[in-house]
Structure formats: C-alpha cells, structure tokens
Amino acid sequence: MTHVLLIRLAGPLQSWGLVSRFTRRDTHSRPTKSAVIGLCAAALGLDRTADLHAEDLPLAELRFGVRADQPGVPVRDYHTVGAGRYPVRPRDLITDHRRAAAVSPSVEAQTGAAFGHHDLAHWYGSPKKIAKDPHSGALVSEQLSRDALVTERWYLADAAFLAALEHEDRGLLERVAHALEHPQRLLWLGRKSCPPSGTLDGGIHRGAIEEVFAGTALLPEAADGPRPWAWIEASPDEPQAAPINDQPVTFEADERAHTLRWETRTRITIAESAKAWEVIL
C-alpha cells in the first residue's frame with residue numbers, strides 16, 4: 001500500500017524554471033519535481049550537499065505528480081540593469097582614482113564647504129572584472145563603463161497547483177508534511193520573489209497519485225471545469241510517457257545536476273464524492 005502527500009502550491013506569482021539563465025529566467029507551465037523536492041528539502045532544513053537518496057530520507061525516490069487546478073497566466077517582467085547616471089559620494093573618489101579623475105572638473109568647480117552634487121554617466125551597475133588597482137591597492141573594476149543589461153523574468157500569475165508525492169513509507173511523508181507547515185528555512189514557489197500563500201500541507205492519503213487526485217476536490221482558487229490536466233511520473237515503457245529533465249541528482253551549489261524521468265499527461269475526472277477542502281489559512 002502506498003500513500004500520497006498532497007501539497008498546495010498557490011500564490012500571486014510562481015516561477016518554475018527549466019533552462020533559466022541570467023538574461024532570461026523562464027518558467028515551466030507547472031511545478032517541476034526538482035523544485036518541489038527542493039522545497040521539501042528546504043522545509044526540512046537540509047543542506048544543499050544532502051544525499052537525496054539517503055536511506056532515512058530518500059526524497060529523490062518519491063513518485064511525483066502535479067495537477068493544474070488553476071494554470072495561471074504567464075507574465076513577463078522586463079528589467080534593465082545598470083547604465084544611466086548616479087551621484088558620486090566622497091568615498092567613491094577615495095576608493096577609485098579613475099573615478100576621481102573623471103569627476104574632478106565638477107568637484108573643482110564646487111564652491112562652499114559642502115561636497116555638492118556630482119554625477120557620472122555610464123558608471124552605475126554591478127562592477128565586473130574585479131582586481132586590485134596597481135596604484136592604490138584597492139579592489140576596483142577593470143571595466144569602467146557600465147552598459148545596461150536587458151533581462152526578462154517569466155512568472156505564472158494567480159496559479160494554483162496540487163502537487164503529490166507518493167511512497168510506501170507513511171512516516172517519511174509525515175516528516176515532510178510537518179516540515180512544510182513548520183519550515184526550518186524560507187520557502188518559495190520556484191524563486192525567492194514568489195512566497196507561497198496559505199496552507200501547503202494537503203494531508204496524507206492512501207492509494208496512488210491517480211486515485212488520490214480523482215478523489216480530491218479542486219482547490220478553491222481553481223477555474224471552472226471538473227477535469228484538470230495532471231502530469232504523473234511513470235515508467236519509461238509506459239504508453240505515451242514523455243521525458244522531462246527535472247529529476248534532481250544533487251542541489252550542491254557548484255554541482256547542481258538533474259537527469260531524465262518520464263511522465264504521462266492526463267485529464268483527471270474529479271469524483272462526485274471527492275473530499276472538499278477545508279478552510280485554507
């Protein structure tokens with residue numbers, strides 16, 4: 001007999017990246033297994049170097065599924081970073097003689113005891129290529145110009161998902177469920193700017209993911225419609241199973257790695273006798 005822990009994933013914004021880079025942070029259309037396992041690991045207070053296949057806490061071995069009760073709306077957040085003008089402080093002239101030389105005409109023209117307002121164009125932004133200055137010994141940027149970087153972030157707005165983790169060990173799922181409501185670290189829905197809203201723990205239920213999904217009512221945030229889509233982990237030889245590269249191998253900062261797993265996409269028909277949700281705090 002297997003058991004299933006349901007996890008409610010809802011909030012104003014969510015972002016479940018698959019191939020994110022600095023200039024473009026994408027989001028998948030639904031939570032990934034890697035992100036949900038990472039969420040649970042953070043709640044449990046695990047270090048990034050933790051063994052995800054440990055005998056007492058085999059998080060990576062949990063069977064995963066997700067039901068899209070409210071798929072949400074994709075939102076693009078446009079960013080420009082750096083460039084422009086900014087006021088120079090006295091300390092900026094002390095720590096970088098090149099900056100002092102560039103702004104010296106304005107400083108020398110200043111009258112009165114106050115330092116005054118002086119600015120430089122194209123000096124604002126994160127410094128790159130940091131190295132010791134041969135004249136002062138201070139750490140300065142070799143790159144004087146701060147050209148603007150254009151980046152974009154993608155989110156899902158007003159989405160609500162029901163994730164599921166299946167395992168034979170009910171005690172393991174109880175540990176995870178307790179941690180989600182009493183987390184040892186901050187939790188977020190894919191990115192730090194996306195905190196979850198309300199209760200995460202949806203209870204532990206007997207059976208497999210498929211039957212638990214069918215026996216659980218739609219979330220209160222759900223759109224109209226009794227047959228939401230669900231993606232459920234499957235064996236590679238199962239008909240219509242498709243690969244996805246979100247099986248976590250390690251969360252170690254410098255060696256983060258994922259591998260393939262397989263899943264099926266199916267409509268879930270919610271049973272008339274499905275258990276309704278209680279008040280979600």
Side-chain angles (χ1 to χ4, degrees), residues 6-43 46 48-50 52-53 59-79 81 149-166 180 185-197 200 209 213 228-236 238 240-268:
L6 295 179
I7 305 174
R8 172 182 168 272
L9 302 174
L13 292 175
Q14 306 185 28
S15 187
W16 310 101
L18 277 179
V19 291
S20 293
R21 296 294 183 268
F22 175 76
T23 55
R24 188 180 190 277
R25 302 287 188 181
D26 71 339
T27 181
H28 201 22
S29 62
R30 58 191 183 275
T32 61
K33 181 176 183 179
S34 175
V36 173
I37 295 300
L39 180 82
C40 296
L46 299 184
R48 281 188 172 273
T49 59
L52 300 179
H53 296 274
L59 294 179
E61 298 173 15
L62 298 173
R63 185 176 180 232
F64 175 72
V66 61
R67 195 181 76 185
D69 287 12
Q70 174 64 285
V73 179
V75 173
R76 176 176 178 254
D77 188 12
Y78 177 83
H79 285 251
V81 183
L149 295 176
V150 177
T151 70
E152 59 182 6
R153 309 286 190 263
W154 284 91
Y155 300 90
L156 298 175
D158 301 321
F161 299 96
L162 190 62
L165 298 174
E166 178 184 325
L180 289 172
R185 295 183 179 171
L186 294 176
L187 306 182
W188 47 79
L189 304 180
R191 298 191 63 206
K192 293 181 181 178
S193 57
C194 305
S197 64
L200 276 74
I209 291 175
F213 273 170
W229 283 106
W231 294 261
I232 301 173
E233 193 164 346
S235 61
E238 189 166 329
Q240 299 184 350
I244 181 171
N245 189 41
D246 72 344
Q247 173 67 33
V249 176
T250 177
F251 293 129
E252 196 163 351
D254 296 329
E255 300 180 9
R256 279 182 290 182
H258 305 82
T259 189
L260 289 177
R261 66 179 181 89
W262 278 258
E263 64 180 10
T264 56
R265 177 175 180 259
T266 183
R267 288 277 194 184
I268 300 294

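Throughout, numbering of the chain's residues begins at 1 and tracks the sequence. Bear in mind that the values here come from a model prediction, so they are computed numbers and not experimental data.
- Rounded to the nearest 0.5 Å, atoms OG1 (Thr32) and CD1 (Ile37) are 9.5 Å apart.
- With hydrogens and angles ignored, the 3.5 Å screen pairs a side-chain donor or acceptor of Glu166 with a backbone N or O of Ile209.
- Phe64 approaches Ala163 most closely through the heavy-atom pair CE1-CB, 4.2 Å.
- The two residues Ala42 and Leu187 come nearest to each other via the heavy atoms CB-CD2, 4.0 Å.
- When the side chain to side chain contact (heavy atoms under 4.5 Å, CB included) test is applied to Trp262, the partners found at least two apart in sequence or on another chain are Pro236, Ala241, Pro243, Leu260.
- Under the rule for a side chain to side chain contact (heavy atoms under 4.5 Å, CB included), the partners of Ala157 that lie at least two apart in sequence or sit in another chain are Leu13, Val75.
- Crowding of Arg185 atom CZ: a count of heavy atoms from other residues, nucleotides or ligands under 6.0 Å exceeding 12.
- Here the closest non-hydrogen pair linking Ala159 and Pro71 is CB-O, 3.6 Å.
- Under the rule for a side chain to side chain contact (heavy atoms under 4.5 Å, CB included), the partners of Ser193 that lie at least two apart in sequence or sit in another chain are Tyr155, Arg191.
- Not counting sequence neighbours, the partners of Ser34 by the side-chain hydrogen bond (donor to acceptor under 3.5 Å, both in side chains) test are His258.
- Nearest heavy-atom pair, Gly11 versus Leu189, reported as atom, atom and distance to 0.1 Å: N-CD1, 4.0 Å.
- Taking CG from Leu46 and SG from Cys40, the interatomic distance works out to 10.0 Å, rounded to the nearest 0.5 Å.
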Show me the side-chain donor-acceptor pairs of residues 247-254 shorter than 3.5 Å, one per line, residues at least two apart or across chains.
from   : atom 1 : to     : atom 2 : distance (Å)
Gln247 : OE1    : Lys33  : NZ     : 2.8
Gln247 : NE2    : Ala60  : O      : 2.9
Thr250 : OG1    : Glu252 : N      : 3.1

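- Inter-residue side-chain proximity for Ser197 and Arg8 is flagged as met; some heavy-atom pair is nearer than 4.5 Å.
- Atoms CG and CG, on Leu18 and Asn245 in that order, are 8.0 Å from each other to the nearest 0.5 Å.
- Between Glu152 and Arg76 there is a salt bridge, since at least one side-chain N of the basic residue sits less than 4.0 Å from a carboxylate O of the acidic one.
- Here the straight-line distance linking atom CD of Gln240 with atom OG1 of Thr264 works out to 8.5 Å at 0.5 Å rounding.
- Taking each heavy atom of Val36 and Pro31 in turn, the nearest pair found is CG2-CB, 4.0 Å.
- Contact check for Ile232 versus Arg63: side-chain heavy atoms found under the 4.5 Å cut-off.
- For the atom pair His28 NE2 and Asp246 CG, the distance stands at 7.0 Å (nearest 0.5 Å).
- The shortest heavy-atom contact between Phe213 and Leu162 is CZ-O, 3.5 Å.
- Every residue two or more places apart in sequence or in another chain that forms a side chain to side chain contact (heavy atoms under 4.5 Å, CB included) with Trp231 is listed here: Arg30, Val66, Ala68, Trp229, Glu263, Arg265.
- Here the CZ atom belonging to Arg67 is positioned 12.0 Å from the CG atom belonging to Leu9, to the nearest 0.5 angstrom.
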